[in-house]
There are 2 protein chains.
Amino acid sequence: MSKRTYNMYCAIAKALDVVGERWTLLIVHEVLSGPKRFKDFLDHLPGIGTNLLSKRLKELEQADIIRHRKLPPPASSEVYEITEHGQGLEEVVLGLARWGTPLLGLPKPDELFCPVWALYAMKDRFVPENAKGISKTYEFHIDDDILQARVENQQIFPTQGAAWKPDVVITMDSATLLDIGTYQIEPMDAHQQGRVQVQGDVADYDEFFQLLVDAESGIERINLK
Amino acid sequence: MSKRTYNMYCAIAKALDVVGERWTLLIVHEVLSGPKRFKDFLDHLPGIGTNLLSKRLKELEQADIIRHRKLPPPASSEVYEITEHGQGLEEVVLGLARWGTPLLGLPKPDELFCPVWALYAMKDRFVPENAKGISKTYEFHIDDDILQARVENQQIFPTQGAAWKPDVVITMDSATLLDIGTYQIEPMDAHQQGRVQVQGDVADYDEFFQLLVDAESGIERINLK
DNA sequence: CGGAATCCTCTTCGATACTG
DNA sequence: CAGTATCGAAGAGGATTCCG
């Protein structure tokens, strides 16, 4: 009944004792992107099963990586969120995202995609040099998800949820987001074809994607052809 | 017989599809610290089992993270080393090391410790501000292992193996290294008690440990009491 | 509906023994 | 020393059920 451990006096092994099991770091990624309900995890982690998810959430809570709290009625559902200690794993998750990007290729039919996962892609692809003098908040409506990206001081802060006073609101479905993200279509072309709606200045929409790595190096980065 | 995958179009999941299995990142850590033989892995990864190690090495080779080559006779043994692609995982491993350090506590009797693991601890604890104007190479003989740390331009480059022209050679056993590393004893006290031998200027030996975080913040960092 | 518990099958892991 | 073979134990996956 004792928990499995590597039994090594090694910081890496100690970390993996806690977050190295299957699904664990993916669950951490989810809560790093914003508070989530049990159902959200199930939707975003295909095949995990309720029992295993339940077990993982308990382990993560015991390790002080997440906490859960009940929302007041009428919501009456539990919400899981990251702790300060868990926030320290951001560097690890971001490192995995960076290293994993070239393995993405094009999405396969049986692969699940959730819009929130684009948050780390934004961080990964953001080019500070292209953002000089820009201070804007971009809001995205992708399928039923709302995301935002605050750009400021040549940094980007993408998070889940609606922005307070967005400079522009950009609406598209996830298929279009994937086509743009994998450089199958230019952002402005997608807009002209009616696949993207923009509330606000269309120039802001165009500008946002200029902040990310361009198609040429981007295609190499996600390893297309 | 198809490999288990998360089936998510997500860079983090893709990375974990490749390096997320049990033992895998620890093996990557080992080769990041220097080329290793089969036996070395077995000695450093208690309980892995030869079959699983063999399997992991094959998987890592297939993923272009490590490569193996035969040493010329009379050595005639296989050596596994990191590839350029695998080197990209350094950020992930270092992130895990950083996050895992506060979980270390004091070494327990049944926990294995290998001197090479101190390499990432050096990187983690190095304080650039304390290294102004220092350009030296420190060589360490710990038990039967030889390590080195090159300090230059307020950076530290710890690696496995003997240095070319070390400024100082420091010899101790791993118990002493652990005592110093966990702030149970001051480096100079350990030297005075004959637990550390120094070839070269003893001031250099003292200086080196000044480059790492001091006891006060260090104890907090590894979460002792 | 959110989440925990049960049962069953399958895969992976871990330890030992064995071979080149 | 470098692996392969074998087998019992543990963990994962999927369906279903139960409880609030």
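These values consider heavy atoms only, across backbone and side chains, with no hydrogens, waters or symmetry-generated copies. Numbered from 1 within each chain, the chains take letters A, B, ... in sequence-line order.
- Residue B/Y80 is in sugar-phosphate contact alone, with no base atom involved, counting any heavy-atom pair closer than 4.0 Å across all strands shown.
- Partners of A/L106 under the side chain to side chain contact (heavy atoms under 4.5 Å, CB included) rule, at least two apart in sequence or in another chain, are A/T182, A/Q184, A/L224.
- One can place CD of A/E78 at 15 Å from P of D/dG20, the figure rounded to the nearest angstrom.
- In this model, the phosphate group of C/dC10 is not approached by any side-chain N or O of B/R4 to a distance below 4.0 Å at OP1 or OP2.
- Looking at heavy-atom distances under 4.0 Å, B/G47 makes contact with sugar-phosphate atoms alone, never a base.
- Remark: B/E21, B/R22, B/W23 in residues 11-30 of chain B come within less than 4.0 Å of DNA chain C through at least one heavy atom.
- Exactly one of B/L53, B/L32, B/V19 qualifies for a side-chain contact (heavy atoms from CB on, under 4.5 Å) with B/I27. That residue is B/L53.
- OP1 or OP2 of D/dG3 has not a single side-chain nitrogen or oxygen of B/R37 nearer than 4.0 Å.
- For A/K36 and A/E78, the salt-bridge test fails: no basic side-chain N is under 4.0 Å from an acidic carboxylate O.
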Each nucleotide N or O in nucleotides 5-7 of chain C that has a protein N or O under 3.5 Å away: list the pair and distance.
unit_1, atom_1, unit_2, atom_2, d
C/dA5, OP2, A/K58, NZ, 3.4
C/dA5, N6, A/T50, OG1, 3.2

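- Here D/dG13 presents its P atom at 8 Å from OH of B/Y6, a figure rounded to the nearest Å.
- In this structure, the salt bridge (charged side-chain N to carboxylate O under 4.0 Å, His left out) partners of A/K39, at least two apart in sequence or on a different chain, are A/D43.
- B/R4 has no carboxylate O lying under 4.0 Å from a charged side-chain N of B/D17, or vice versa, which leaves the two without a salt bridge.
- No side-chain N or O of B/N51 forms a donor-acceptor pair with one of B/S54 less than 3.5 Å apart.
- With sequence neighbours excluded, the residues forming a side chain to side chain contact (heavy atoms under 4.5 Å, CB included) with A/A162 are A/E139, A/I146, listed by chain and number.
- Between the side chains of A/T83 and A/R67, no donor-acceptor pair of N or O atoms lies under 3.5 Å.
- When the C1' atom of D/dG3 is taken as reference, atom NZ of B/K70 falls 11 Å away, rounded to whole Å.
- In this entry the distance linking CD1 of B/I48 with P of D/dG3 reads 13 Å, nearest Å.
- For the pair A/D40 CG and C/dG2 C1', the interatomic distance rounds to 11 Å; values are reported in whole Å.
- Rounded to an integer number of Å, the gap from B/L52 CG to C/dT16 P is 15 Å.
- Looking at heavy atoms from C-beta onward, A/V169 lies out of side-chain contact with A/Q197 at the 4.5 angstrom threshold.
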N/O-N/O pairs, protein side and nucleotides 18-20 of chain C side, under 3.5 Å:
none

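- Here the shortest heavy-atom pairing between A/L147 and A/P115 reads CD1-O, 3.6 Å.
- Across the protein-nucleic acid pair, B/K3 atom NZ and C/dT11 atom P stand 15 Å apart, rounded to whole Å.
- Atom CG in A/L45 sits roughly 14 Å away from atom C1' in D/dA12 (whole-Å rounding).
- The salt bridge (charged side-chain N to carboxylate O under 4.0 Å, His left out) test applied to B/D167 returns no partner, not counting sequence neighbours.
- Residues A/P46 and B/L42 both approach DNA chain D. Their nearest nucleotides, taken by heavy-atom distance, put B/L42 toward the 5′ side.
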*Once Watson-Crick and G-U wobble pairs under 3.5 Å are found, how is DNA chain D written in dot-bracket notation, 5' to 3', with | for any base paired to another strand?*
|||||||||||||||||||.
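- None of B/L178, B/T176, B/L177 except one satisfies the side-chain contact (heavy atoms from CB on, under 4.5 Å) rule with B/I180; the exception is B/T176.
- Every residue two or more places apart in sequence or in another chain that forms a side chain to side chain contact (heavy atoms under 4.5 Å, CB included) with B/D110 is listed here: A/N7, B/K108.
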_One pair to check against salt bridge (charged side-chain N to carboxylate O under 4.0 Å, His left out): B/K136 and B/E152. What are the steps and the verdict?_
CA-CA 7 Å; B/K136 290 205 182 94; B/E152 199 168 27; over 6 Å; no
Under 3.5 Å, which donor-acceptor pairs do the side chains of residues 89-105 of chain B form with other protein atoms, sequence neighbours left out?
unit_1, atom_1, unit_2, atom_2, d
B/E90, OE1, B/Q87, NE2, 2.9
B/E90, OE2, B/Y120, OH, 2.9
B/E90, OE2, B/K123, NZ, 2.9
B/R98, NH1, B/D124, OD1, 3.3
B/W99, NE1, A/H85, O, 3.1
B/T101, OG1, B/A97, O, 2.7
B/T101, OG1, B/D124, OD2, 3.1

Under 3.5 Å donor-acceptor pairs involving side-chain atoms of residues 58-65 of chain A, not counting sequence neighbours:
unit_1, atom_1, unit_2, atom_2, d
A/E59, OE1, A/R56, NH1, 3.2
A/E61, OE1, A/H68, ND1, 3.1
A/E61, OE2, A/H68, ND1, 2.7

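- Below 30°, between 30° and 60°, or above 60°: for B/W117 and B/H29 the angle between ring planes is between 30° and 60°, a tilted geometry.
- Contact check of residues 60-67 of chain A against DNA chain C (heavy atom, cut-off under 4.0 Å) returns no residues at all.
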